[in-house]
*Asks:* 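Please read through the structure below; I'll follow up with questions.
Below, each value reflects all heavy atoms present in this structure, side chains not excepted, and no hydrogens, waters or symmetry copies.
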Amino acid sequence: MSGLELVLLLAIVLLAAVVVVALVLGARVIRRLGAVRPAAATDDPAFVAERDRQEQSLAALREAADEASSSIDVAKSAAAAARAEAAAAKAEASAARAEARRVLEASRAEADNVLERAHRQAESDAEEVRAAARRSGEREVAMLASTTREQAAEVERRAQRMDERERLHTEEVERLAERERRLTAANADLAVREAALAQREEALAEGEERHRRELERIAGLTADAARQELVETIEGQAKREAAILARDIESDARATAEHRARHIVVDAIQRVASEQTAESVVSVLHLPGDEMKGRIIGREGRNIRAFESVTGVNLIIDDTPEAVLLSCFDPVRREVGRLTLEKLVLDGRIHPHRIEEVYDTARQEVAGLCRRSAEDALVEVGITEIHDELVDLLGRLRYRTSYGQNVLKHLVETAHIAGVMAAELRLDVPTIKRAAFLHDIGKALTHEVEGSHAIIGADLARKYGESDDVVHAIEAHHNEVPPQTIEAVLTQASDACSGGRPGARRESLEAYVNRLERIEEIAGGKSGVEKVFAMQAGREIRVMVKPEDVDDIAAAVLARDVAKQIEEELTYPGQIRVTVVRESRVTEIAR
């Protein structure tokens with residue numbers, strides 16, 4: 001039951017109660033009138049007035065009863081209307097429930113349809129994904145198969161190279177065995193020759209003895225003539241014995257050459273190490289003012305200690321106005337330290353944490369500069385395929401010098417010279433240029449690895465996959481390993497051309513020309529010398545002698561005398577090789 005129906009029901013009940021009360025009161029009034037009427041006098045005004053009043057009251061009650069009845073009728077009609085509205089509302093509610101059920105059933109049907117379509121779409125998408133995965137798997141299987149085939153081919157090629165190397169090693173062993181057999185035969189032949197030479201010396205001694213007896217027999221000679229002949233004979237014998245003695249002494253000197261050479265090198269280092277070190281391992285940084293030195297040092301020296309600890313570069317602050325010195329044997333590390341200090345000075349904030357930040361930035365910048373320099377050099381030379389580690393090592397040569405010549409530029413120049421010579425000789429130009437360009441790669445690690453830069457460079461090239469010809473050319477370019485290939489010889493020649501070019505290294509052209517002239521004068525002033533040639537920028541001297549005036553022993557004495565005089569009178573980098581050439585030519589015409 002709704003609230004409206006409840007209100008209407010209460011109104012009907014109240015109206016009914018009012019009507020019943022009115023009826024009861026009217027009945028009582030009528031009974032009172034009937035009881036009073038016989039005893040009362042007729043036409044009594046009071047009676048009449050009371051009767052009229054009661055009749056009016058009864059009429060009012062009847063009107064009230066009529067109004068209540070009408071109100072009850074209205075209430076009944078309103079209740080009926082309310083019941084009708086309630087029935088209509090119930091009908092509407094039932095219709096709404098039916099509509100809701102219908103909509104719900106339609107929604108469920110639509111949801112089932114959508115779900116079914118979603119299932120079908122999902123199945124189709126899953127089928128497409130499975131097809132795509134199948135195709136991707138097939139492509140990956142094909143790629144793996146091709147990679148496996150390439151790896152198998154590479155393994156086969158490596159096996160072939162190993163077999164080829166094993167064959168070459170076998171041939172080398174056979175050559176060594178053959179060489180040993182030839183040496184054995186040569187030793188036997190030498191023993192025979194020594195025996196024949198001993199017999200010849202005995203025959204010469206007997207001949208000299210007969211000659212002296214013949215001189216003694218001849219008494220017709222004057223005393224001066226006999227004395228002169230005797231002096232000439234003794235002088236020749238003394239020269240020969242002196243040459244033999246010098247040769248024996250030279251043999252003994254070769255036996256102890258390494259020990260003496262080390263002492264000579266140590267003595268030379270003690271004499272010139274300070275000047276060379278101060279010139280090559282120190283960088284100067286100019287400051288905006290002397291007050292910056294105090295900020296660089298910091299409170300109780302904490303900034304300078306942090307700088308040296310982080311960079312590994314010694315910072316020297318002295319009385320030099322507006323300048324500090326950075327000292328380090330590693331040129332790359334010294335450049336990183338210089339750039340770090342330059343950035344700190346420009347920034348103005350100098351403290352240990354800031355030093356570490358700026359050092360990381362400077363190290364990355366120097367590494368990038370080295371990398372770009374190496375790549376530019378490779379592009380200039382025309383080398384494209386090279387290991388990344390070798391590229392980084394080549395970039396470090398940007399800050400390495402040799403006798404004042406930049407090593408990276410020296411490599412580029414050497415590669416160009418070697419390429420021109422290889423092209424003229426119709427050889428493999430890329431291989432020879434590669435060998436010439438990499439011949440000084442070991443200088444990037446000479447302060448980290450013990451040994452000569454040629455051997456270190458050969459080990460690096462071998463480690464990072466360079467060919468055997470390139471490795472051999474690198475290790476043989478300073479004759480530490482005897483050159484066996486044309487690539488090694490051309491690498492030596494191009495290195496000498498680049499390093500010996502006037503002005504390439506720290507030496508004036510005038511001093512260079514004067515040294516060459518003096519070398520030729522020293523060799524040309526010896527007796528028996530016909531021509532003198534200074535070769536390889538003064539690193540080798542070829543002395544052509546007259547064969548009728550200079551024999552083999554005298555040629556050895558001449559080479560020693562020239563080398564000794566050059567050592568005493570001249571100052572030069574490296575070493576100078578003196579070669580005496582004695583050539584005999586006999587020409588006869590057949591008519």
Side-chain angles (χ1 to χ4, degrees), residues 265-374 392-408 442-451 453 456 506:
V265 170
V266 170
D267 189 18
I269 289 174
Q270 289 176 351
R271 292 182 181 180
V272 302
S274 59
E275 297 178 359
Q276 175 64 24
T277 301
E279 185 177 2
S280 61
V281 303
V282 174
S283 297
V284 180
L285 179 65
H286 296 282
L287 302 177
D290 288 336
E291 67 275 8
M292 185 60 68
K293 293 183 179 180
R295 300 178 64 182
I296 293 174
I297 296 173
R299 181 179 299 176
E300 298 178 356
R302 65 172 187 173
N303 290 344
I304 190 172
R305 287 197 300 270
F307 180 86
E308 293 181 349
S309 175
V310 171
T311 62
V313 178
N314 293 328
L315 187 60
I316 302 172
I317 300 177
D318 52 13
D319 295 333
T320 305
E322 299 181 356
V324 294
L325 301 179
L326 294 94
S327 176
C328 181
F329 279 97
D330 187 350
V332 178
R333 186 183 301 170
R334 187 169 68 251
E335 178 64 16
V336 173
R338 188 195 66 78
L339 187 59
T340 301
L341 186 58
E342 183 178 352
K343 288 180 176 293
L344 289 171
V345 170
L346 291 176
D347 185 39
R349 295 175 296 168
I350 304 177
H351 52 82
H353 182 67
R354 180 62 179 168
I355 290 172
E356 294 178 358
E357 295 178 351
V358 176
Y359 171 74
D360 292 337
T361 304
R363 184 176 56 184
Q364 294 175 2
E365 289 184 8
V366 172
L369 289 175
C370 292
R371 182 83 180 186
R372 286 194 295 273
S373 299
D392 294 336
L393 292 175
L394 286 170
R396 298 173 67 176
L397 296 178
R398 166 190 171 98
Y399 301 102
R400 176 69 188 267
T401 59
S402 177
Y403 296 102
Q405 184 182 22
N406 186 274
V407 177
L408 185 59
K443 288 186 178 180
L445 294 178
T446 50
H447 61 284
E448 299 176 1
V449 181
E450 296 183 356
H453 71 275
I456 295 172
R506 189 174 298 151

*Asks:* How long is the straight-line distance from CZ of Arg398 back to SG of Cys370, given to the nearest 0.5 Å?
*Replies:*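 Answer rounded to 0.5 Å: 6.5 Å.
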*Asks:* Has the side chain of Thr311 got a donor or acceptor atom that lies under 3.5 Å from a matching backbone atom of Phe307?
*Replies:*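 Confirmed, Thr311 side chain pairs with Phe307 backbone.
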*Asks:* Which residues pass the side-chain contact (heavy atoms from CB on, under 4.5 Å) test with Gln364, not counting sequence neighbours?
*Replies:*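 Gln364 satisfies side-chain contact (heavy atoms from CB on, under 4.5 Å) with no other residue.
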*Asks:* For Glu356 versus Val310, what's the shortest heavy-atom pair and its separation?
*Replies:*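 Closest heavy-atom pair between Glu356 and Val310: CG-CG2, 3.8 Å.
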*Asks:* Just verifying a value: how many Å separate Leu326 CG and Glu335 CD, rounded to the nearest 0.5 Å?
*Replies:*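 That separation rounds to 10.0 Å.
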*Asks:* Can you tell me how far the CG atom of Leu339 sits from the OG1 atom of Thr361, to the nearest 0.5 Å?
*Replies:*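 Between Leu339 CG and Thr361 OG1, I get 9.0 Å after rounding to 0.5 Å.
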*Asks:* Locate the shortest heavy-atom distance separating Asn303 from Ile350; write the atom from each residue and the value.
*Replies:*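 For Asn303 and Ile350, the tightest heavy-atom pair comes out as ND2-O, 3.3 Å.
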*Asks:* Shortest non-hydrogen contact from Ala444 to Leu393?
*Replies:*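 So the minimum-distance heavy-atom pair works out to CB-O, 3.6 Å.
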*Asks:* Of all heavy-atom pairs between Arg371 and Asp392, which one has the smallest distance, and what is that distance?
*Replies:*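 So the minimum-distance heavy-atom pair works out to NH1-OD1, 2.8 Å.
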*Asks:* According to the side-chain hydrogen bond (donor to acceptor under 3.5 Å, both in side chains) rule, which pairs have a member within residues 341-351, sequence neighbours left out?
*Replies:*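 Every pair satisfying side-chain hydrogen bond (donor to acceptor under 3.5 Å, both in side chains) with a residue in residues 341-351: Arg338-Glu342, Lys343-Glu365, Asp347-Arg349, Asp347-Arg354.
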*Asks:* Give the minimum heavy-atom separation between Leu341 and Val324, together with the two atoms involved.
*Replies:*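 That would be CD2-CG2, 3.7 Å.
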*Asks:* Closest approach of Gly312 and Arg333, non-hydrogen atoms and distance?
*Replies:*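 Shortest heavy-atom separation between Gly312 and Arg333 comes out as O-CD, 3.7 Å.
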